[in-house]
Amino acid sequence: MSKIFKNQIFIPVAALLLLMLFNLVIDPSFFKISMGVNSAGNPVLSGYLITIINNGSELAILAIGMTLVTAASGGQDISVGAAIAIAGSTMLRVLCGTNTRPDTLSTPIFVAFIVGCLVAMAFGAFNGVLVSIFKIQPMVATLILYTAGRSIAAWINNNELPIISDPKFGYYGGFIPGIPIPTPFFIAMACVIIIFLVLKFTNLGLYTQAVGINESSSRLNGINPVFIKWLTFVILGACVAVAALIKVSRLSSINYSVIAKDIEMDAILAVALGGNALSGGKFNMAASIIGAFVIQTLTTTLFKYNVPSDALPAYKAIVVIALVVFSAPTFREAVSKFVKNIKGGKNKEVANV
Amino acid sequence: MKKKVLAMVLATAMVLGLTACGSAAAPAAEAPAAEAVEEAPAADTAEAPAAEAPAASGEAIKVGIINNDPNESGYRTANDKDLKATFSAENGYDAQFAYSLKNDEQIAAAQKFIQDGVDYLLLSAADTSGWDSVLKDAQDAGIQVILFDRTIDADPSLYAASIVSDMDKEGQTAVDWLAGQNLDEYNVIHIQGVMGSAAQKGRSGALDAKVAAEANWNIVKQQTAEWNAENAQQIVQSVIDAGTPFNVIYAENDDMAKGAVAALDAANISHGVGKDVIVMGFDCNKWALEELLAQNWNYDGQCNPFQSSYIDTVIKTLQSGGTIAEKTIIMDEKGFDASTITQADVDQYGI
């Protein structure tokens, strides 16, 4: 019993089940999934669960990078929302060329994605240099891009609004004809599989945790902490680019000031909900990813029940605070001690009898 | 152990920060972008006017313009472009610009303009309060202040004119248009902007009043998407998933209307002129008006960013020794109907 409870992944899974149970009790239609067609005549699945896996995808992808950054540097990157704006703006710029309303794409989508990816990774590398070489607190270092990022994104497209009419570009944030499951979910799953293979077959996981736990002892053991920290920021940059592709594809356009707004907070929350210490060190990737879907489930649930607009952030905050406290390592330690004491007490009683 | 406690406190603080951000962002009408006080005296403009300007007095009129960041929204971009076009050297002006979304930075810019000895100070304030002392300084220095876009909490004697949009009227125009559609029943999905912003209050107010007054008007869902297209998409998706019937989408800006339409398309619900769902947006972005022209949307309400011609008239009047009879000038704002909009409207009013 206490073994299950001690397992880090227990917390986000329990939170997810709890939210699901709440929905099951209040309104079982939450779990209804129906098959329909969209306006283009393609089959699509719809329902709350589909909405969750669809809209939670970007967050899950970002949670991967954020977990690594948190583990290695003991801090968080708060510029991911702004970096998504930059990467998305870059992709649209490459796709559109000089014309903001192209009838045909000037470059293949794949090329645009690669360019966006390189730009996002370059900004990630910039953050990484500030953190690893100049030893600036990650939150302070990324504050620079957080402040300037959206203006840079607007500048990339001369503050104009590119709109892409080619339906193919919409596949990444919507549905591929003939496949009723939303594409973002496939993209997220691909990212999850890649990161698990990387963690399994390389030393990335071990090294990031070693650096996060004790930088100088990992250096003495032959790991280069500067490089590892820098690398995690570059990986987060790649995650940002993938999330940006989905985001701009959803509407085939961009709004520099609101795209992916506050998503950095949700990504950090996903890491915290996964029971990972925000001060770095050991991490559990699966727990973070499930944490991301917990946040999306919460958002979708709040949208479903007509929570008044002005009260929505308060409701979200209350649930999130409760979840974060429950998933905090200190709290779990205290509880498992408590459980042990009770058990110990019982055993003594038995012995006395 | 200490580290872990710290981490937990940080996480909690972050959550609180999340909500705090939500409400703090409210007064700044649209979403905040980066702040930067940018000096744009346009070197050639500053040098040239004396020689070239055909101003009657022979001397260029010096104006200091304090605005919000043009990257903030499409509205602001159009607004800034319009101001730059009007207050040019060719029109006999010597204009300096300062941009910030922060009140204190704007006040500092105003103080600098006063020291520079501008003739007019044009101001779109980030925040409504805190302007009294600096405006008094301007008055003492003989500088006329003209407010545009946003009003402030200060004595009206401190400024010469205030040129603003009437958000309540924008909402009323839209609701009157909707009432004119003579539907048997109105089941409205109401997607709101950032709660507490002037645009949200004005545009929500008229609809709320109408729904309260009429028996056949119902709100199916009222939720804030915080000007964000994706949130709007999720909100409409949520109504579709629940299977609740609706026939009107009242989105308080174009982006959110766009997100709502994306959800409708995914569920194959027809929208636009003569279709199942009426789509309404605000702000008159060019792409939105094109949606109207293509009959995919039904209505778009204007929020006029073109104050410069009004300001120009005020300055000309003051220059010729005239007085401004009514200090608060409310701009004309239109509402476009998809069945009557023309390409000329799109070109002229699209921002």
Side-chain angles (χ1 to χ4, degrees), chain A residues 29 32 36-41 44 46-48 50-51 55 101 147-152 154-155 159 161 163 174-175 247 250-251 253 255-259 261-262 265 268-269 272 277-279 299-300 303-304 306-310 312-314 316-317 320-321 324-325 328-331 333, chain B residues 1 3-8 10-12 14-19 21-23 30-36 69-74 77 192 195-196 221-224 226-231 233-235 237-243 255 258-259 262 264-270 285-287:
Chain A
S29 75
K32 206 181 90 189
V37 284
N38 65 9
S39 58
V44 293
S46 67
Y48 287 109
I50 300 295
T51 306
N55 289 296
R101 306 279 173 84
T147 317
R150 293 180 186 277
S151 291
I152 297 173
W155 168 78
N159 216 346
L161 268 189
I163 296 174
F175 295 86
K247 283 263 183 236
R250 280 192 196 280
L251 297 160
S253 181
N255 182 323
Y256 308 109
S257 57
V258 298
I259 186 176
K261 194 160 172 283
D262 295 338
M265 294 305 163
I268 297 168
L269 265 180
L278 293 184
S279 48
T299 310
T300 306
F303 279 148
K304 174 170 160 51
N306 290 301
V307 179
S309 302
D310 0 28
L312 188 78
K316 198 172 177 181
V320 163
I321 286 176
V324 170
V325 169
T330 27
F331 184 84
E333 261 170 38
Chain B
M1 185 72 180
K3 253 191 173 177
K4 283 177 181 169
V5 173
L6 180 75
M8 204 182 79
L10 271 179
T12 320
M14 210 172 59
V15 175
L16 290 173
L18 204 85
T19 42
C21 284
S23 50
E30 315 265 68
E35 298 84 18
D69 188 333
N71 292 339
E72 178 205 49
S73 58
T77 313
Q192 298 169 295
M195 298 304 287
K221 183 107 179 168
Q222 185 172 48
Q223 190 59 265
T224 176
E226 302 184 322
W227 310 122
N228 190 328
E230 269 179 81
N231 288 353
Q233 188 178 1
Q234 288 193 42
I235 290 165
Q237 184 67 48
S238 162
V239 179
I240 295 170
D241 286 345
D255 270 343
K258 183 175 189 171
L264 295 181
D265 282 338
N268 198 22
I269 296 170
S270 68
N285 285 293
K286 197 165 214 154
W287 54 264

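Both backbone and side-chain heavy atoms feed into the values below; hydrogens, waters and symmetry mates do not. By convention in this document, chain letters (A, B, ...) are assigned in the order of the sequence lines, proteins followed by strands, and residues within each chain are numbered from 1.
Within the model, atoms CD of B:Gln237 and CZ of A:Phe303 stand 12.0 Å from one another, a figure rounded to the nearest 0.5 Å. Put simply, OG on A:Ser253 and CH2 on B:Trp287 are 7.0 Å apart, with the number rounded to the nearest 0.5 Å. One finds the CD atom of B:Gln234 at 15.0 Å from the NZ atom of A:Lys304 (value rounded to the nearest 0.5 Å).
Using a 4.5 Å cut-off between heavy atoms, A:Ile50 does not touch chain B at all. For B:Ala262, the part sitting under 4.5 Å from any heavy atom of chain A is the side chain, from C-beta outward, and nothing else. Looking at A:Tyr256, neither its backbone nor its side chain comes within 4.5 Å of chain B, counting heavy atoms on both sides. With a threshold of 4.5 angstrom between heavy atoms, B:Asp255 approaches chain A through side-chain atoms but not through N, CA, C or O.
Of all the listed residues (A:Leu312, A:Val37, A:Asn38), the one sharing the greatest number of non-hydrogen pairs under 4.5 Å with chain B is A:Asn38. In terms of heavy-atom pairs under 4.5 Å with chain A, the best-connected choice from B:Gln222, B:Gln192, B:Lys258 is B:Lys258.
Under the side chain to side chain donor-acceptor pair (under 3.5 Å) criterion, A:Thr51 pairs with B:Asp241, not counting sequence neighbours. Residues meeting the ring pair (Phe, Tyr, Trp, His ring centres under 6.0 Å) test with A:Phe175, sequence neighbours left out: none.
Put simply, the side chain of A:Arg250 reaches to within 4.5 Å of the side chain of B:Glu230, judged on heavy atoms. Contact check for A:Ser151 versus B:Asp69: side-chain heavy atoms found under the 4.5 Å cut-off.
Here the closest non-hydrogen pair linking B:Gln223 and A:Val307 is NE2-O, 3.0 Å. The shortest heavy-atom contact between A:Leu251 and B:Ala229 is CD1-CB, 3.2 Å.
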